[in-house]
There are 2 protein chains.
Amino acid sequence: MQDIANHAGINKALLHYYYRTKDHLFNAVFEKIAGRMFEKFAPVFDEHLTLEEKIRFFFREHISFLQKNPRLPIFLLNEMNRNPERIRKIILHMDFQKFWLKIEKQHKEELLRYNLTKENIPQFMTTMAAISVFPFAGRALISAILEKTGYDFKEYLEERKTYAADFVIKAIKKD
Amino acid sequence: MQDIANHAGINKALLHYYYRTKDHLFNAVFEKIAGRMFEKFAPVFDEHLTLEEKIRFFFREHISFLQKNPRLPIFLLNEMNRNPERIRKIILHMDFQKFWLKIEKQHKEELLRYNLTKENIPQFMTTMAAISVFPFAGRALISAILEKTGYDFKEYLEERKTYAADFVIKAIKKD
DNA sequence: GTCTATAGAAGGATAGAC
DNA sequence: GTCTATCCTTCTATAGAC
């Protein structure tokens with residue numbers, strides 16, 4: 001609380017005046033921050049793009065967003081792990097069925113050319129998220145290894161936007 | 001320290017007798033635990049298997065290991081993020097060049113049929129790790145979504161061992 | 001609303017008996 | 001080696017002046 005007060009240029013007493021307890025303050029911060037992460041997923045479903053373009057769009061936008069907020073993933077993952085009930089309650093109010101129906105409708109014939117079904121959509125979506133998020137969650141490890149082997153982490157991230165898209169598209173294309 | 005002492009069935013004083021400070025205790029725990037995670041990567045390079053079999057072997061073994069230690073990823077990721085210097089020092093003493101040379105040697109002709117080069121090996125390796133680790137790091141979020149949409153997290157993990165392997169192999173195969 | 005001062009609890013660490 | 005008792009610091013939270 002002292003550190004936060006210092007950063008805010010006020011004192012501890014005022015923090016408690018506004019938030020009453022440390023717990024309330026943390027929740028306020030968490031909820032403000034958590035929203036930003038998931039907002040980035042939504043527009044993907046609305047853009048008038050082909051499936052492939054949507055995948056490219058997602059990686060480009062999501063990784064760019066995380067480049068500006070590199071500590072967000074580890075913060076959110078850690079907090080969701082520490083307090084799973086909170087995220088369960090948030091999820092309960094969301095309609096995921098809707099997203100899949102949108103995709104099915106928008107890409108009816110297109111879907112025939114890809115290995116994407118209602119059954120494997122959880123595997124696919126978590127794979128997308130994994131590929132985008134992990135470089136930031138594991139940043140300390142990855143940038144240490146890259147540094148050691150003569151690569152640059154920033155370049156690695158730039159490359160990843162297209163590598164990830166190419167990788168995923170190739171993986172799901174029927175032929 | 002009180003909680004740990006309780007779990008161990010001793011008292012705080014004895015913890016300090018053995019580890020002197022809380023920091024020393026934490027380091028002892030971290031080093032003991034961190035090793036287990038990376039041990040799982042090593043045998044992949046030694047087994048006499050084709051590249052595809054190695055990929056299948058990796059996901060099967062690594063995800064099985066994490067099923068038994070589901071909280072390991074988030075603990076390690078969080079701690080590496082909190083203290084990047086520690087992991088940098090550990091990495092400094094490892095020879096990654098060696099691993100790539102092993103693969104190049106063992107799979108000389110085979111490699112011609114895959115999109116795997118010295119240049120994109122960091123992208124590839126981090127993608128493998130991401131796909132395996134993320135379901136556990138993001139367990140709270142993923143199992144909340146799966147629950148909500150009528151899937152089962154345990155089944156999801158079992159399926160993932162083969163889904164991940166199929167996905168990755170398809171992604172890197174030239175044709 | 002914003003501050004200073006301080007209460008009250010908890011945490012890390014040590015002293016000293018056995 | 002293991003315990004109890006206790007010191008000292010840090011932390012959350014509140015009281016009360018302005």
Side-chain angles (χ1 to χ4, degrees), chain A residues 1-38 69-93 136-141 144, chain B residues 1-38 69-93 136-141 144:
Chain A
M1 298 300 275
Q2 187 60 63
D3 284 351
I4 294 168
N6 290 151
H7 276 277
I10 56 174
N11 58 38
K12 283 194 291 183
L14 201 52
L15 269 184
H16 280 100
Y17 173 76
Y18 279 115
Y19 294 99
R20 238 174 50 75
T21 68
K22 189 184 183 181
D23 215 55
H24 283 118
L25 168 56
F26 183 85
N27 286 337
V29 173
F30 180 83
E31 263 142 53
K32 181 143 192 172
I33 285 181
R36 293 192 210 154
M37 188 78 165
F38 302 104
N69 304 270
R71 317 248 301 177
L72 208 49
I74 197 71
F75 171 72
L76 291 178
L77 290 174
N78 196 45
E79 181 51 24
M80 292 189 300
N81 178 65
R82 221 179 53 80
N83 185 358
E85 266 315 296
R86 192 210 313 259
I87 191 70
R88 264 195 73 245
K89 279 176 194 154
I90 297 172
I91 294 294
L92 266 176
H93 299 295
F136 297 92
R139 176 183 197 158
L141 174 61
Chain B
M1 298 301 274
Q2 188 61 63
D3 284 351
I4 294 168
N6 292 149
H7 277 278
I10 55 174
N11 57 39
K12 281 196 293 183
L14 200 52
L15 269 183
H16 281 99
Y17 173 75
Y18 278 116
Y19 293 98
R20 238 174 49 77
T21 68
K22 188 183 184 183
D23 215 54
H24 283 118
L25 168 56
F26 182 85
N27 287 337
V29 172
F30 180 83
E31 263 142 52
K32 181 143 192 172
I33 284 180
R36 294 192 209 152
M37 187 79 165
F38 302 104
N69 304 271
R71 317 248 299 177
L72 208 50
I74 197 71
F75 170 73
L76 291 178
L77 290 173
N78 196 47
E79 180 51 25
M80 291 188 302
N81 179 65
R82 222 180 52 79
N83 185 358
E85 266 314 297
R86 192 210 311 261
I87 191 70
R88 263 195 73 245
K89 278 176 195 155
I90 296 173
I91 294 294
L92 266 177
H93 299 294
F136 297 92
R139 176 184 196 156
L141 175 62

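Here is how names work: the chains are called A, B, and so on, in the same order as the sequence lines, proteins then strands, and each is numbered from 1.
A:Arg82 pairs by the salt bridge (Lys or Arg N to Asp or Glu O under 4.0 Å) definition with A:Glu79, not counting sequence neighbours. Annotation: side-chain hydrogen bond (donor to acceptor under 3.5 Å, both in side chains) contacts of A:Arg139 (sequence neighbours excluded): none. Qualifying salt bridge (Lys or Arg N to Asp or Glu O under 4.0 Å) partners for A:Arg20, counting only residues two or more places apart in sequence or in other chains: none. Considering only residues two or more places apart in sequence or on other chains, B:Phe136 meets the side chain to side chain contact (heavy atoms under 4.5 Å, CB included) condition with B:Ile63, B:Leu66, B:Gln67, B:Pro70, B:Pro73, B:Leu157. B:Pro84 is linked by a side chain to side chain contact (heavy atoms under 4.5 Å, CB included) to A:Ala140, counting only residues two or more places apart in sequence or in another chain.
Straight-line distance from the CG atom of B:Leu15 to the P atom of D:dC3: 10 Å, rounded to whole Å. Regarding B:Phe26, its CZ atom lies at a distance of 13 Å from the P atom of C:dG12, rounded to whole Å. To the nearest angstrom, P of D:dC11 lies 12 Å from CD1 of A:Ile4. Across the protein-nucleic acid pair, A:Leu14 atom CG and C:dG1 atom P stand 9 Å apart, rounded to whole Å.
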For residues 1-8 of chain A, tabulate all N or O donor-acceptor pairs below 3.5 Å that involve a side-chain atom, not counting sequence neighbours.
none

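The side-chain hydrogen bond (donor to acceptor under 3.5 Å, both in side chains) contacts involving residues 22-33 of chain B comprise B:Thr21-B:His24, B:Asn27-B:Arg86, where partners must be two or more places apart or lie in separate chains.
Around the OH atom of B:Tyr19, the shell of radius 6.0 Å holds no more than 12 heavy atoms that belong to other residues, nucleotides or ligands.
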Enumerate all atom pairs, one protein N or O and one N or O from nucleotides 5-9 of chain D, separated by less than 3.5 Å.
none

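Side-chain N/O atoms of A:Asn11 include none lying less than 4.0 angstrom from OP1 or OP2 on C:dT2.
For residues 16-25 of chain A, proximity to DNA chain C is found at A:Tyr17, A:Tyr18, defined as any non-hydrogen atom under 4.0 angstrom from a strand atom.
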